[in-house]
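Note sheet for the following structure.
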Amino acid sequence: RGLGWFPNADRPRVLWAGIDAGPPLRNLARDTERAVAKLGVTVEMREYSPHLTLARIPDPRDVGAPLRKAITETGSPEFGAFQATAFHLFLSAGGKYTKLAEYPL
């Protein structure tokens, strides 16, 4: 739910679509973080923000002000809903994602 930028619209590096899944997704993220921390993975200090990355922007100047304004003002568009049956554990390194495992829900 919603569209936005990381870190912000003035310096957009990532265009994202938000996910509104409530406590089950937040609990899954917390439990996953606890499990991988035992393996030596650094714990994320930022607040959990469920989202889909739609685009990575290497140079924020490539995104014009009208486009940033339009996306920022879009509000919370509805993208539909679905029931997840599994989740995948990915390694994110250097802007690349590698699927490590799949877990049924």
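None of these values were measured; they are calculated from a predicted model.
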- All heavy atoms of N8 vs all of D10, minimum pair found to be OD1-N, 2.9 Å
- Under a single-linkage definition using a 4.5 Å side-chain heavy-atom cutoff for Ile, Leu, Val, Met, Phe, Trp and Tyr, are I19 and L105 assigned to the same hydrophobic cluster? yes
- Item | Side chain proximity check, L3 to L54, heavy atoms < 4.5 angstrom | yes
- Please test L100 against L91 for side chain to side chain contact (heavy atoms under 4.5 Å, CB included), starting from the C-alpha separation and ending with a verdict. CA-CA 7 Å; L100 300 177; L91 170 66; 3.9 Å; yes
- Item | For A37 against V43, the heavy-atom pair lying closest together | CB-CG2, 3.8 Å
- Verify the ring-centre separation between H88 and Y103: is it less than 6.0 angstrom? no
- Near R56 CZ, under 6.0 Å, is it more than 12 heavy atoms from other residues, nucleotides or ligands? yes
- Sort out for me which residue in F6, W5, F79 forms a ring-ring contact (aromatic ring centres under 6.0 Å, His included) with W16. F6
- Donor-acceptor pair, side chain of R13 and main chain of P58, under 3.5 angstrom: yes
- Message: Measuring only between side-chain heavy atoms, which start at C-beta, is T53 closer than 4.5 Å to V14?
- Response: yes
- Rounded distance (nearest 0.5 Å) linking atom CG of L15 with atom CD1 of I57: 6.0 Å
- Heavy atoms only: give me the nearest P24-A21 pair and the separation to one decimal. CD-O, 3.6 Å
- Task: Kindly compute the distance separating CG (L25) from OH (Y48), expressed to the nearest 0.5 Å.
- Result: 3.5 Å
Pairs under 3.5 angstrom only: tabulate donor-acceptor contacts from the side chains of residues 27-35 to other protein residues two or more places apart or in another chain.
from: N27; atom 1: OD1; to: R30; atom 2: NH1; distance (Å): 3.1
from: N27; atom 1: ND2; to: P23; atom 2: O; distance (Å): 3.3
from: T32; atom 1: OG1; to: L28; atom 2: O; distance (Å): 2.8
from: E33; atom 1: OE2; to: E44; atom 2: N; distance (Å): 3.1

